[in-house]
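Sequence lines set the chain letters: A, B, ... in the order given, protein chains first and strands last, and positions in each chain run from 1. Since we're looking at a predicted model, the values are computed, not measured.
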Protein chains: 2
Amino acid sequence: MPTKTYHIGVEATMEIIGGKWKSIILCHLRHHTMRTGELARAIPQISQKMLTQQLRELEAANIVSRHVYKQVPPRVDYSLTDYGESLSGILHELCVWGEDNIDRRQAAGEEISLMSRDDV
Amino acid sequence: MPTKTYHIGVEATMEIIGGKWKSIILCHLRHHTMRTGELARAIPQISQKMLTQQLRELEAANIVSRHVYKQVPPRVDYSLTDYGESLSGILHELCVWGEDNIDRRQAAGEEISLMSRDDV
DNA sequence: TCTAATTATTACCTTTTGGTGGGTAGCGCA
DNA sequence: TGCGCTACCCACCAAAAGGTAATAATTAGA
């Protein structure tokens, strides 16, 4: 296997939390364990396919853990692993910075809005 | 113009620093003003097209500023704006977390390597 | 006159990412 | 019998992101 080379730390971080959905999922999971359907409702724009796909990748990176309850209908929930928790501070800052960014853009007259803030 | 709606702050942040290159560029610019060619050498994997494209987008978001010197051959350099500096802490943490992630994966036997660390 | 130097643009193509619509499992209940 | 519940998988398609290679512009200096 050819050695994979990173040139700077942030590359590795972005490989894990980058993409359209992962950081959003993680920001929700930061507050509580959530069931699949809960996550889907919390992120209304995401498709079911993307949701499970991204969760699988986060699981593979040891950021989230998946708990399956032997029930019918099925019940599955997701939470941050201990290692995933080490991202919590960063995730929070990413949320806060984004909120401020939206505020600025609104103040500048852009037609944008934010549905909910981090510290719900 | 239809109002653009964000559901959580991190969405806006990722729109700005997400993608394969932006966070890497910003991590370099965090330390010093850099010329185009310097950036290209610091990020050997990037193509010239991507470099200028991403810089234009960061400029449009008011994160970096571009200075053109009237010289031949041309001289252009880029630096963080004051607003861009407000990302500096986050960028640093993203680098540090990634370095730690790489260390862990190496310890676990993955064939990966890191060329340079944040605090050069 | 020809080339080096530096930044940037363009057209074209490939790869990656994301979306849609369908289907399955298996138990409970009308 | 047949439907609803929840999670999730697959095949297929569309869109976005990224890569390659060629080209421009301009002046100094060989």
Side-chain angles (χ1 to χ4, degrees), chain A residues 2 4-8 10-12 14-26 28-29 33-61 64-79, chain B residues 2 4-8 10-26 28-29 32-61 64-79:
Chain A
K4 165 147 202 180
T5 300
Y6 294 96
H7 294 259
I8 190 170
V10 69
E11 262 185 282
M14 283 300 166
E15 218 171 79
I16 290 175
I17 68 166
K20 191 167 171 182
W21 302 115
K22 296 217 181 79
S23 58
I24 299 177
I25 292 171
L26 292 174
H28 285 288
L29 251 26
T33 293
M34 290 174 85
R35 298 187 55 173
T36 313
E38 268 184 292
L39 275 168
R41 281 187 296 279
I43 313 173
Q45 333 92 277
I46 203 174
S47 66
Q48 206 165 45
K49 170 187 154 184
M50 279 297 116
L51 180 57
T52 46
Q53 185 180 106
Q54 303 300 300
L55 283 166
R56 290 290 171 285
E57 291 175 19
L58 290 168
E59 203 190 349
V64 309
S65 60
R66 178 171 182 260
H67 313 274
V68 182
Y69 300 83
K70 293 192 192 55
Q71 296 181 1
V72 170
R75 176 192 181 93
V76 178
D77 64 34
Y78 297 90
S79 55
Chain B
K4 166 146 202 181
T5 300
Y6 295 96
H7 294 259
I8 190 171
V10 70
E11 262 185 281
T13 307
M14 283 301 165
E15 218 171 80
I16 291 175
I17 69 166
K20 190 166 173 182
W21 302 115
K22 296 214 182 83
S23 58
I24 299 177
I25 292 171
L26 292 174
H28 286 288
L29 251 25
H32 16 67
T33 293
M34 291 175 83
R35 296 187 55 172
T36 311
E38 268 183 292
L39 275 168
R41 280 186 296 279
I43 313 174
Q45 335 93 279
I46 202 172
S47 66
Q48 207 162 43
K49 170 189 153 183
M50 280 295 117
L51 180 57
T52 47
Q53 185 180 105
Q54 304 299 300
L55 284 165
R56 289 290 173 285
E57 291 176 19
L58 290 168
E59 201 190 351
V64 310
S65 60
R66 177 171 185 261
H67 312 273
V68 183
Y69 300 82
K70 291 191 193 55
Q71 296 181 2
V72 169
R75 175 193 182 92
V76 177
D77 64 35
Y78 296 91
S79 55

Specify the separation, in whole Å, of atom NZ of K70(A) and atom P of dC5(D).
25 Å

With a non-hydrogen cut-off below 4.0 angstrom, is T52(B) in contact with a base, only sugar-phosphate, or nothing?
base

Do the non-hydrogen side-chain atoms of L58(A) and L29(A) ever get within less than 4.5 Å of each other?
no

Could you check how far CD of E57(A) sits from P of dC9(D), rounded to whole Å?
12 Å

Side-chain heavy-atom pair R66(B), V64(B) within 4.5 angstrom cut-off:
no

Distance, nearest 0.5 Å, that separates CD of Q54(A) from CD1 of I43(A):
10.0 Å

Nucleotide nearest W21(B) when distance is taken to its side chain, options dA7(D), dC8(D), dG18(D)
dG18(D)

Under the 3.5 angstrom rule, does the side chain of S23(A) hit a backbone N or O of G19(A) as a donor-acceptor pair?
no

When you measure from the side-chain N and O atoms of R66(A) to the phosphate of dC8(D), is any distance below 4.0 Å, counting only OP1 and OP2?
yes

Rounded to the nearest 0.5 Å, how far apart are NE2 of H67(B) and OH of Y78(B)?
10.0 Å

Here the gap from L55(B) atom CG to I25(B) atom CD1, rounded to the nearest 0.5 Å, amounts to 4.5 Å

Report yes if a side-chain nitrogen or oxygen of R56(A) is closer than 4.0 Å to either non-bridging phosphate oxygen (OP1 or OP2) of dC8(D); otherwise report no.
yes

When you measure from the side chain of V72(B), which nucleotide among dT26(D), dG19(D), dC27(C) comes out closest?
dT26(D)

Closest listed nucleotide, where the reference is the side chain of P73(A) and the choices are dT6(D), dC8(D), dA8(C)
dT6(D)

Please determine, for the side chain of S47(B), which listed nucleotide (dA5(C), dT9(C), dG19(D)) has the closest atom?
dG19(D)

OP1 or OP2 of dG19(D) under 4.0 Å from side-chain N/O of K20(B):
yes

Atom-to-atom span, CZ of R75(B) to C1' of dA28(D) - whole angstrom
17 Å

Position toward the 5' end of DNA chain C (nearest nucleotide), Q54(A) or V76(B)
V76(B)

Between dT15(C) atom C1' and M50(B) atom CE, what is the distance in whole Å?
12 Å

Remember a base hit wins even if backbone is also touched, and classify Y69(A) as base, sugar-phosphate or nothing at under 4.0 Å, heavy atoms.
nothing

Using a 4.0 Å heavy-atom cut-off across all strands, classify Q53(A) as base, sugar-phosphate, or nothing.
nothing

Closest to the R35(A) side chain: dG26(C), dG19(D), dA7(D)?
dA7(D)

Which nucleotide, dA8(C), dT6(C), dC8(D), lies nearest any side-chain atom of Y78(A)?
dC8(D)

Inter-residue atom distance Q45(B).CD - M50(B).CE, 0.5 Å rounding
13.5 Å

Would you mind reading off the distance between L51(B) atom CG and dG18(D) atom P, rounded to a whole angstrom?
13 Å

Which sits closer to the 5' end of DNA chain D, Q45(B) or E38(A), going by the nucleotide each is nearest to?
E38(A)

Would you say that M14(B) contacts I17(A) through its side chain, given a criterion of any heavy-atom pair below 4.5 Å between the two side chains?
yes

If I take atom CE in residue M34(B) and atom P in nucleotide dT7(C), what distance separates them, rounded to the nearest angstrom?
11 Å

For the pair made of CD1 in I46(A) and P in dG18(C), what is the distance, rounded to whole Å?
9 Å

Without decimals, in angstroms, what is the distance between M14(B) CE and dA17(D) P?
15 Å

If a pair means Watson-Crick or G-U wobble with both distances below 3.5 Å, what does DNA chain D look like in dot-bracket form, with | marking bases paired to a different strand?
||||||||||||||||||||||||||||||

Checking dA5(C), dA11(C), dA7(D) against the side chain of P74(A) (C-beta onward), the nearest is dA7(D)

